[in-house]
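When a ligand or atom number is given, it counts from 1 through the structure's own listing order.
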Amino acid sequence: MTRRVAILISGSGSNMAALIDSMTGDHPARPVLVLSSDPAAKGLQRAVGRGVPAEAVDRRAYRDRASFEVAVDAALRREGAEIICLAGFMRILSADFVSRWTGRILNIHPSLLPLYRGLDTHARALAGGDAEAGCTVHEVTAALDDGPILGQARVPVLPGDTANALAARVLEAEHRLYPAVLRRFAAGDRTPVRLP
Ligand code: GAR
């Protein structure tokens with residue numbers, strides 16, 4: 001029995017594409033839905049191009065977070081989602097929503113958590129003079145960018161790096177890390193993945 005995966009995005013969806021492309025053959029999961037909080041997200045077309053049902057639940061069309069989350073939850077349950085992968089989903093989910101999906105939501109964050117929760121992670125790593133940077137996949141809990149770590153990938157910070165250059169290097173690592181973690185997680189193994 002393969003596990004049914006929904007991927008939540010807000011933007012370009014490159015992590016989403018990497019996840020979808022990984023779920024073939026003997027992979028223990030399959031993508032059943034891509035859901036975007038922004039109807040203009042480029043990732044929606046990338047999902048459709050890969051044959052995965054994709055839809056927007058436009059956050060701006062809802063009067064508050066609670067009603068937005070009711071719509072997201074309904075779409076997830078309609079498709080029978082069992083695992084939710086946040087992939088560049090730039091909305092903070094409430095504790096109430098998270099509690100309804102406990103242990104079933106993963107997120108990728110562009111830093112080596114617990115360093116640099118929140119935004120502007122690459123600029124902060126450069127400002128801190130860090131020798132390395134990276135990304136983390138973790139289980140989502142009610143606290144922002146917290147929760148048990150399921151995998152990390154490290155990249156070097158190079159002389160003359162800008163935040164954009166570092167972000168691009170980290171993003172490549174994200175595309176390797178997230179599929180590796182999802183494969184393991186969907187098979188019921190929560191042992192953290194370490195890359196490279
Ligand atoms: C990725 O770098 C992801 O780690 C980050 O947004 C980018 C989305 O890129 N997520 C966050 O910052 C979450 N707080 P993508 O849409 O091309 O996958």
A.B. asks: Answer yes if the side chains of T191 and D189 hold a donor-acceptor pair under 3.5 Å, and no otherwise.
C.D. replies: yes
A.B. asks: Kindly confirm or rule out an N or O of N107 lying under 3.5 angstrom from an N or O of ligand 1.
C.D. replies: no
A.B. asks: For ligand 1, which atoms sit closer than 4.0 Å to a heavy atom of E174?
C.D. replies: 1 (C), 2 (O), 3 (C), 4 (O)
A.B. asks: Starting from atom 16 (O) of ligand 1, find the nearest protein heavy-atom neighbour and note its residue, name and distance.
C.D. replies: G13 N, 2.8 Å
A.B. asks: For P110, counting its heavy atoms only, list the atoms of ligand 1 lying under 4.0 Å from any of them.
C.D. replies: 4 (O), 5 (C), 10 (N), 11 (C), 12 (O)
A.B. asks: Before accepting this row, confirm whether a basic side-chain N of the pair R91/D38 lies closer than 4.0 Å to the acidic partner's carboxylate O.
C.D. replies: no
A.B. asks: Name the option, out of G88, A17, S10, S14, that contains the heavy atom nearest to atom 15 (P) of ligand 1.
C.D. replies: S14
A.B. asks: Quick one: does I9 get within less than 4.0 Å of ligand 1, heavy atoms only?
C.D. replies: no
A.B. asks: With no hydrogens and no angle check, do the side chains of T121 and H109 hold a donor and an acceptor under 3.5 Å apart?
C.D. replies: no
A.B. asks: Check whether any N or O atom of D145, backbone or side chain, sits under 3.5 Å from an N or O atom of ligand 1, and answer yes or no.
C.D. replies: no
A.B. asks: Give a yes/no verdict on whether any heavy atom in G43 is under 4.0 Å from an atom of ligand 1.
C.D. replies: no
A.B. asks: Check each heavy atom of L86 against ligand 1 and say whether those closer than 4.0 Å belong to the side chain, the backbone, both or neither.
C.D. replies: neither
